Amino acid sequence: MNIYNFLYALDKINQNPYILPNITLGYHLIDSCLDTRRAVSSIFKILSGPGKTVPNYTCTRHGKLTGVIGDHFSTTTIPIAQILGLYKYTQISYGSTDYIFTNRQEYPHVFRTVQNNHIYYSIVAEILNLFGWTWVGIFVSDNDTGEDELQILKRYFAVQEICSEFILKVNTMEESWSRMFFTLKKARSTVGVLCGSFTVDFLLFLAHFETMNNEGIIILPPHYASVDDLTNGMQTSACLAVSFFPLPIPGIELFLDSIQVAEHNESLLIQYVLHIVQNEIASLQNLYDNRLSFSYNDTIGGLIMTMKQYLSAGVSSRVYYAVEAMAKALHDMNVQQKDITKRKINQIPLSRCSEICQPGARKKSKSRIHSCCHDCIPCSEGEISNTTDSKNCIQCLEDEWPNEKKDRCIPKLEEFLSYSDDISTVFASISVLLCLVTLFIIGIFISYMDTAVIKANNRSLSFVLLVCILLSFLCVFLFLGRPQDITCILHVTTFGTIFSLAVSSLLAKTVMVYIAFTATKPGSYWRKWIGATLPNFVALLLTCVQGTICLIWLSTSPPFMEMDTHSYQDKIIIQCNEGSIIGFYSVLGYMGFLAAVSFVLAFMVRTLPDSFNEAKYITFSMLVFCSVWIAMIPAYLSAKGKYMVAVEVFAILASSTGLLSCIFFPKCFIILFRPDLNTQMGLLSKKNRL
C-alpha cells in the first residue's frame, strides 16, 4: 500500500498551486526487495541516469534528483544514506528504525517519520513483563543491523529482568536453518522476539513452523506489521507486532470514493489502481477457467475497502507525510532563493576592511589582530584561484597553464616542427627541389654511362653516392610533423646510415685513386687490387660498422617520444629523446671519423695526374661536410624544441647539397657543355685540366 500513498501525495502536491508553483514533481520507483546489493545498484542507477551506470557521473540533463523517500528497512536504508550523504541529498525514511540515524554528524541529511529502535524494544520489554514472559528466545539477523538491535534489546531485558533461553543468528545459508530447527525442537520457551531484518519468506516459514509447544508467539518489529504478504500469511499464526500509531491522510477516503471505472483517466494513481483491478479479475477468471463472472465494479469496490483499512495504518501513512515534508522543504528553499535574488538586485552598502579579492588572486593577512583585513596578492606562476576571497591558490597540472586572468587552468600549447609552420614549408620545398635536381643528374649519368668522365672514377660508387644523396633529401620529412616513437627511431639511424654509406663511398673512391697511382710503378704490390671489388668492399664494410652501432643503440636504449613540460612554463615541447646519449654521439662520431679520414686522404692525393683529379673535389666536399656538422653541434645543443630539429634538418640539407654540388656538378658541366673533354684523350691532355 505504500505506493498508493506515495502516488497520492505526489498527485495532491502537483495539483496544489500554493506548493511549488510551476514545478512538477516526478519520481523514480525502485523496489530494493530487502537486498542491500540491489539497493546500492538502484541508487547508482538513479544518480547516473539512463544508460550505463557510472559512479560519480550523471548523464541526466533535466529532471535532476532533489531527494529520496525511503527505504522501508534499516538494512537497505544505511547503504543508501552513505552514498547519498556524499552528495548531500536529503533522504526521508518512512520505516527505518535503526538508532544510528540519530547521529547527526554521520547522517546529517537523513530524516524519518518513525521512532527509533529504543522506543520499540522498550515497549517489547514492557509487554513481556506485563504477561509474565520472562523466558524467551531471540532470533537475530546475521548482519550489523541485527547485532546493533540485539544489544539494545538486551539492555531493556536487563531492566525488566527478562532472560533469553537462546539467541539464534539467522541468514540465508542452510547451516543456519538446520541449527535453528535443532534448537527450536529442544526449546522450552514459548515466546520469540525478532531483532534485525529478515526476508518475508523466512518470517512466513517461522510463523507456520510448529515449535514452542504449538503455543508459540512471535513478536515482530513494527516495520513488518505493514507488509501485506506477511500480515496475510500470518493470519492463522500467533504473532504480535508493535505497529506504528496510524496517521490520518487528509482526503484519501474521498479520493478512493471518487474513483470511477474508466479506460482513460489523466490521474496516474487512478490508472495504477485500475491496472491492479484488471490484473486481479484476469487472474481469478483464469483460476476458475472462466466459469465464474466477476463484476468490475464489485471487484474495485472490494479493493477500495481494503485500501481504506491499510492506507492510514502503520508505515503506509508515513509515506504520505514523508513526501509532503520533502515538498514543503523544497518550497521553502525555493522561496528563500527568490528572496535572496531580490535582495541582490537592491544596492547594499559595503562595510569591509579590505576589498574583495577577485579570482586570480589570494588573500594575505596584513594585520595580526583583525583577520578581515588583508591584501590581494596575484597567484604565482602556474597557480590559479577560481573563487573570490580565496585563501590559497591552486597549482595547475603539469600539462596545464593559467589563463591571463589566472582564474582557470587551460591546456598548454604543444610545440613541435609541424607541417603548417613556415620553416617546415621552406624545408619541404627545398628538399623536393633538390630531389628533382638529384634525379636529373641520375638521368644524365644513365644516359652517358659509357663516357670517359663517368667511367674514370668508379661509376657504380657514383650511382650509390647519388642514391644516398637522394635518400638524405627525402629523410628530411621524417623530422617534420608530430614526433612518434617510430619516427624518433628513424631520425638519427636513417640519416646516420645514409651519410655513412655516402662518405664511405667517397673514401673508397679516394682509396682507389691512391691505389691506382701507386700500382703504376713497376713491380707494385697494389696492382692486383685494381678493380671494382675493393672499393665496393670498403664502402660496404665501413657502412656495416655504422649499422652495428645503430643496432646496439636500438637494442639497449632506443630513442622515444617525450613531452617536455619543464623547459617552458606555458607550453609543452614534444620532442625525441635520444635514449642513449652514448649511442647518439657514437653515430655522429663515427660519421665524423669517416669524413675526417676521407678529407685527409683526398687532400693527400689531390695532386695526382689529371685523369684522377676527382680527389680535389672530394676534398672540397668533405671540407663543406665537416664545416656544416662542426657548426651544427653547438647550435644543436643550445636550441630547444622545434628549433633544435630545424638545426638538424638544415645540417642534413646543407651537407647533402655540398656533396652533390662539389662531386657531380663539374662532371655534369663537362658532359653537357664540354663534350670535347669527355674523351680519354681529353682527360689525359694537360692543357684541358678541369
Side-chain angles (χ1 to χ4, degrees), residues 34 73-75 95-100 115-227 229-244 314:
L34 200 55
F73 303 99
S74 301
T75 304
S96 177
T97 58
D98 199 310
Y99 186 73
I100 193 174
Q115 296 86 357
N116 61 61
N117 285 327
H118 280 264
I119 298 174
Y120 158 64
Y121 286 116
S122 65
I123 295 174
V124 170
E126 291 180 4
I127 291 175
L128 295 176
N129 185 45
L130 178 65
F131 288 100
W133 297 332
T134 57
W135 188 244
V136 300
I138 302 176
F139 299 89
V140 183
S141 60
D142 192 7
N143 51 33
D144 293 340
T145 301
E147 190 65 33
D148 294 340
E149 293 187 13
L150 176 62
Q151 300 304 321
I152 299 173
L153 181 62
K154 285 182 177 180
R155 191 183 310 170
Y156 288 105
F157 274 14
V159 174
Q160 300 294 340
E161 296 183 353
I162 298 172
C163 301
S164 57
E165 180 185 7
F166 60 85
I167 298 176
L168 286 178
K169 288 189 176 182
V170 181
N171 53 39
T172 57
M173 299 179 63
E174 295 182 0
E175 296 179 0
S176 172
W177 288 55
S178 300
R179 185 172 63 253
M180 180 188 67
F181 296 156
F182 180 77
T183 303
L184 291 179
K185 287 181 180 180
K186 299 191 303 180
R188 292 185 300 147
S189 56
T190 58
V191 177
V193 180
L194 271 66
C195 291
S197 56
F198 303 88
T199 62
V200 176
D201 294 336
F202 168 75
L203 296 177
L204 289 173
F205 184 82
L206 184 63
H208 292 85
F209 190 72
E210 297 181 359
T211 58
M212 299 182 176
N213 300 323
N214 294 327
E215 299 176 355
I217 295 177
I218 301 174
I219 300 179
L220 302 175
H223 41 258
Y224 290 104
S226 60
V227 179
D229 296 338
L230 188 59
T231 53
N232 293 334
M234 289 187 169
Q235 289 178 357
T236 60
S237 304
C239 298
L240 295 179
V242 182
S243 179
F244 296 113

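FYI, the numbering just counts along the sequence from 1. Since the model is a prediction, treat every value here as computed from it, not as a measurement.
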Where is the tightest heavy-atom contact between E165 and S189, given as atom of each residue plus distance?
-> OE1-OG, 2.7 Å
If you measure from [atom1] on [X] to [atom2] on [Y], what distance do you get to the nearest 0.5 Å?
| X | Y | atom1 | atom2 | answer |
| --- | --- | --- | --- | --- |
| L194 | L168 | CG | CG | 10.5 Å |
| I162 | L153 | CD1 | CG | 8.5 Å |
| I100 | N116 | CD1 | CG | 12.0 Å |
| S74 | N117 | OG | CG | 6.0 Å |
| L128 | T134 | CG | OG1 | 9.0 Å |

Contacts of Y156 that satisfy side chain to side chain donor-acceptor pair (under 3.5 Å) - sequence neighbours left out | H118
Identify, with sequence neighbours excluded, every residue that meets salt bridge (charged side-chain N to carboxylate O under 4.0 Å, His left out) alongside E147.
-> K169
Tell me, which pairs form a salt bridge (Lys or Arg N to Asp or Glu O under 4.0 Å) where one or both residues lie in residues 152-161, sequence neighbours left out?
-> none
All N/O donor-acceptor pairs, side-chain side in residues 136-143, below 3.5 Å, sequence neighbours left out:
{"from": "S141", "atom 1": "OG", "to": "N143", "atom 2": "OD1", "distance (Å)": "2.9"}
{"from": "S141", "atom 1": "OG", "to": "S197", "atom 2": "N", "distance (Å)": "3.1"}
{"from": "D142", "atom 1": "OD2", "to": "N171", "atom 2": "ND2", "distance (Å)": "3.1"}
{"from": "N143", "atom 1": "OD1", "to": "T145", "atom 2": "N", "distance (Å)": "3.3"}
{"from": "N143", "atom 1": "OD1", "to": "G146", "atom 2": "N", "distance (Å)": "2.8"}
{"from": "N143", "atom 1": "ND2", "to": "S197", "atom 2": "OG", "distance (Å)": "3.4"}

Counterpart residues, ring-ring contact (aromatic ring centres under 6.0 Å, His included), relative to W135 (two or more places apart) | none
Using the side chain to side chain contact (heavy atoms under 4.5 Å, CB included) rule, take T97 and Y120 through it: C-alpha gap first, then chi angles, then the decisive distance, then the call.
-> CA-CA 9 Å; T97 58; Y120 158 64; 5.9 Å; no
By side chain to side chain contact (heavy atoms under 4.5 Å, CB included), which residues pair with E126, not counting sequence neighbours?
-> Q160
